[in-house]
Amino acid sequence: MTFKDQVLAIVKKIPKGKVLTYQEVAKRAGSPNASRAVGSILKKNFDPKIPCHRVIRSDGIAGEYNRGRSNKIKLLKKEGYIK
DNA sequence: GAGCTGACATGTT
DNA sequence: CAACATGCCAGCT
């Protein structure tokens with residue numbers, strides 16, 4: 001099980017109505033400061049089980065889901081996860 | 001095996 | 001307060 005798999009597993013396990021920051025995911029994966037690695041991994045492992053839009057930055061802003069933020073981010077905003 | 005790239009974070013200017 | 005520059009870690013070529 002590599003860091004990559006850990007990250008993927010963690011993101012996949014994000015329950016509904018919950019979001020994690022890149023730092024949180026990286027932290028759980030075993031590297032608290034591997035925020036960049038987390039994004040890079042999600043990018044290459046684009047699984048439908050991986051809700052990238054549920055993984056946000058420390059700022060509370062969603063990252064770039066699929067090289068361009070999806071409208072789903074807008075839903076997250078409505079949910080109250082993003083400012 | 002080494003180097004480059006990247007969907008970020010934090011600090012400083 | 002906003003923008004720029006540097007550093008971090010892992011993956012890919």
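So that the names make sense, note that chain A is the first sequence line, chain B the second, and so on, each numbered from 1. Only a predicted model underlies this, so the values are computations on that prediction, with no experimental measurement involved.
One atom, NZ of A/Lys4, and another, P of B/dG6, lie 19 Å apart when rounded to the nearest Å. Spacing between atom CD of A/Glu64 and atom P of B/dA9 amounts to 12 Å, rounded to whole angstrom units. Atom pair A/Asn45:CG and B/dG6:C1' shows a separation of 14 Å (rounding to whole Å applied). The nearest whole Å value for the distance from the NZ atom in A/Lys44 to the C1' atom in C/dC12 is 6 Å. Residue A/Asp59 contributes atom CG, which lies 14 Å from atom C1' of C/dC1 at whole-angstrom precision. What separates CG of A/Leu20 from C1' of B/dC8 is a distance of 15 Å, to the nearest Å.
What you find for A/Ile73 and A/Gly63 is that their closest heavy atoms are CD1-O, 4.0 Å. The two residues A/Arg57 and A/Thr21 make their nearest non-hydrogen contact at O-CG2, 3.7 Å. Contact record, A/Val38 with A/Val7: CG1-CG1, 3.7 Å, taken as the closest heavy-atom pair.
Residues meeting the salt bridge (charged side-chain N to carboxylate O under 4.0 Å, His left out) test with A/Arg28, sequence neighbours left out: none.
Side-chain proximity of A/Lys43 to the nucleotides B/dG6, B/dA9, C/dG11 is greatest for B/dG6.
In this structure, A/Tyr22 reaches the bases: a heavy-atom distance under 4.0 Å links it to at least one base atom across the strands shown.
Heavy-atom distances under 4.0 Å link DNA chain B to A/Ser35, A/Arg36, A/Ala37, A/Gly39 of residues 32-41 of chain A, given in residue order. Contact check of residues 5-17 of chain A against DNA chain B (heavy atom, cut-off under 4.0 Å) returns no residues at all.
In terms of phosphate contacts, A/Gln23 brings no side-chain nitrogen or oxygen within less than 4.0 Å of OP1 or OP2 of C/dC8.
Put simply, NE2 on A/His53 and CG on A/Leu42 are 11.5 Å apart, with the number rounded to the nearest 0.5 Å. Taken to the nearest 0.5 Å, the NZ atom of A/Lys27 stands 11.0 Å off from the CG atom of A/Asn33.
Salt-bridge annotation for A/Asp47 and A/Lys49: absent, with no side-chain N of the basic residue lying under 4.0 Å from a carboxylate O of the acidic one.
With A/Asp5 contributing its side chain and A/Met1 its backbone, the two residues share no donor-acceptor pair below 3.5 Å. Remark: the backbone N or O of A/Leu20 is not paired with any side-chain donor or acceptor of A/Tyr81 at under 3.5 angstrom.
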